[in-house]
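Working notes, structure below.
Counting starts at 1 for both ligands and their atoms, in listed order.
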Amino acid sequence: MTTRTQMILGMHLGNGYGSQTSAWRAPGVDPANYTSFDAQVRYARAAERGKFAFLFLPDFLGEHRDLDRESLMITLDPMLTLAAIARETTHIGLVATGSTTFNEPFNLARQFKALDIMSHGRVGWNAVTTSDPAAAANYGRTIAPRPERYQRAHETIQIVQALWGSWEQDAWVKDTASGRWADSTKIRPINLRGEYVASRGPLPLPPSEQGQPVIFSAGGGANGAEIAGRYASGVIGAVFTIDDAREQREALRDAARRAGRNPDEVKFFAGVMPAIGSTKREALDRRVALGELTAADRVPYLSAMLSLPAALTAEQLDRPLTAAQLASASANPLDPRSARALEVAREGWSIRDILAHGVIDYHPTPVGPASATADHMQEWFEAGACDGFWVSIDVNEDGIDTFVDEVIPILQRRGLYHADYEGSTLRENLGVPAQYGLDPRVTVTGE
Ligand SMILES: Cc1cc2nc3c(=O)[nH]c(=O)nc-3n(C[C@H](O)[C@H](O)[C@H](O)COP(=O)(O)O)c2cc1C
């Protein structure tokens with residue numbers, strides 16, 4: 001494992017449409033893609049053509065949206081979607097989200113390891129604690145306080161990893177001559193009991209080609225950094241400036257050091273949601289068309305981001321802020337995206353165009369030709385803000401191909417991105433070390 005001089009990329013794959021909530025009705029998109037595994041496989045293969053290290057499938061167990069207008073944003077079931085994709089791809093990593101609160105460790109261990117075996121060692125588990133009361137309601141429960149959820153998360157991840165290591169790596173003999181299928185002395189229970197979860201084991205599964213799945217985490221906070229520092233090989237951040245990203249990456253690396261690990265074992269990914277067109281105007285128009293139904297609803301929030309004393313109104317959508325409005329605007333410190341919103345407003349764009357710059361989206365949005373996205377990624381990567389990017393495409397149907405055909409070659413020409421996969425497993429392609437079972441450097445709690 002070395003510090004990489006080239007960025008690593010992961011592709012967000014959600015509902016089969018794309019990351020904009022109106023992508024389901026974009027031109028050329030089949031509105032039935034929510035249930036189309038063929039579409040998901042097509043997008044996965046496009047990302048693999050771009051040598052993406054992994055696909056990342058979020059999961060929310062209690063999604064509640066305005067379904068009259070917006071599609072659901074997650075896939076039917078992340079594990080089943082990835083099982084379909086695994087059979088149709090060869091190198092791209094397959095990272096699924098799984099809740100530590102609403103799953104038993106034995107189920108998580110079995111499903112992720114089975115998928116890891118099926119995919120020849122390409123699986124990652126994005127371990128999330130789940131804080132949504134709507135998710136809890138689907139399990140007939142309520143959301144426990146954060147310390148309890150995080151304690152359960154530590155226990156769950158440790159038990160899952162111990163189960164993954166419950167067969168010694170040479171336990172599966174398969175010797176037809178002697179008639180011995182496995183060496184049962186090398187397959188042992190784990191007997192772990194925490195405060196919230198427990199398992200005897202062993203798991204009925206041999207090692208995968210990468211030993212066992214890789215742990216990911218997403219989001220932040222002190223509790224999240226502690227989980228990531230101990231167990232994760234990949235972390236997706238929610239960061240809006242280079243300074244913020246550097247700070248979060250350093251906090252993560254410190255947490256890894258505290259856990260006795262080499263900080264280079266944890267790769268930090270910044271999100272990026274590119275808006276690409278042959279010109280900046282074209283890129284904005286693509287987003288304007290996608291935001292057609294939601295732009296008016298977002299105006300009040302934009303007013304709050306700009307701390308305007310008198311709120312902007314939807315009537316002003318096609319006009320820029322007035323001189324008086326600009327003079328009284330300031331970046332709302334409660335939202336880290338506000339500084340960017342103010343910067344774009346000061347450039348004199350109409351309110352509709354300000355919104356089309358993605359200022360209320362969940363990750364930074366470079367707008368313009370492919371080179372604008374490549375420039376953004378280069379600047380962040382060279383500033384030490386991240387080890388790579390979690391790329392979230394507005395409309396998958398044409399957007400993944402555009403990214404792969406236009407942005408990737410620029411990054412490759414600049415020497416910032418690999419020409420091919422380093423190996424065949426996710427560990428190899430992330431450049432993280434082998435691990436089998438629990439990491440001996442991390443203490444088992446509640447044994
Ligand atoms: C890029 C990204 C993706 C995320 N994906 C998920 C997800 O799929 N499911 C989920 O429940 N939370 C997801 N989260 C949220 C975090 O995992 C975490 O729940 C959040 O940071 C706060 O958690 P807490 O309130 O339990 O501390 C994601 C966060 C980020 C930044």
Subject >> Ligand-side contact atoms (ligand 1) for residue partner P58, heavy atom cut-off under 4.0 Å >> reply: 8 (O)
Original post:
Would you say W390 and ligand 1 have an N/O pair spaced under 3.5 Å apart?
Top reply: no
Subject >> Sidechain N-carboxylate O distance under 4.0 Å for E226, R258 >> reply: yes
**OP:** Answer yes or no: is there a donor N or O on one side and an acceptor on the other, between the side chain of Q161 and the main chain of Y436, under 3.5 Å?
**Re:** no
Original post:
Relative to ligand 1, is D59 under 4.0 angstrom through side chain, backbone, both or neither, heavy atoms considered?
Top reply: backbone
Subject >> atom 4 (C) of ligand 1: the protein heavy-atom neighbour that sits closest, reported with distance to 0.1 Å >> reply: A218 CB, 3.7 Å
Original post:
To which protein heavy atom is atom 1 (C) of ligand 1 closest, and what is the distance rounded to 0.1 Å?
Top reply: I236 CG2, 3.5 Å
Subject >> SB check R257 D254 (cutoff 4.0 Å) >> reply: yes
Original post:
Going by distance only, is there an N or O of Y150 that falls short of 3.5 Å from an N or O of ligand 1?
Top reply: yes
Original post:
Of all the atoms in ligand 1, which lie at a distance below 4.0 Å from a heavy atom belonging to T97?
Top reply: 7 (C), 8 (O), 9 (N)
Subject >> Protein heavy atom at shortest distance from atom 25 (O) of ligand 1 >> reply: R146 NH2, 2.7 Å
**OP:** Could you tell me which atoms of ligand 1, counted from 1 in the order shown, lie closer than 4.0 angstrom to a heavy atom of A238?
**Re:** 31 (C)
Original post:
Short question: side chain of N138, backbone of L61 - any donor-acceptor pair under 3.5 Å?
Top reply: yes
**OP:** Please report which non-hydrogen protein atom sits nearest to atom 10 (C) of ligand 1, along with the residue it belongs to and the distance in Å to one decimal place.
**Re:** F60 CE2, 3.2 Å
Original post:
Is there a protein heavy atom less than 4.0 Å away from atom 20 (C) of ligand 1?
Top reply: no
**OP:** Specify the protein heavy atom at minimum distance from atom 31 (C) of ligand 1: its residue, its atom name, and the distance to 0.1 Å.
**Re:** G219 N, 3.5 Å
Original post:
Has Y362 got any heavy atom lying under 4.0 angstrom from an atom of ligand 1?
Top reply: no
Original post:
Between E265 and R441, is there a salt bridge with N-O shorter than 4.0 Å?
Top reply: yes
**OP:** Please check if atom CD in E247 has more than 12 non-hydrogen atoms from other residues, nucleotides or ligands closer than 6.0 Å.
**Re:** no
Original post:
Under a 4.0 Å N-O cut-off, is there an ion pair linking E209 with R122?
Top reply: no
Original post:
Charged N to carboxylate O under 4.0 angstrom, D405 versus R49?
Top reply: yes
**OP:** Using a strict 4.0 Å threshold on nitrogen-to-oxygen distance, state whether R152 and E155 make a salt bridge.
**Re:** no
Original post:
Just distances here: any N/O of H363 and N/O of ligand 1 closer than 3.5 Å?
Top reply: no
Original post:
Any non-hydrogen atom of V128 lying under 4.0 Å from ligand 1?
Top reply: yes
**OP:** Flag the pair D439 and R230 as a salt bridge only when some basic side-chain nitrogen lies within less than 4.0 angstrom of an acidic carboxylate oxygen.
**Re:** no
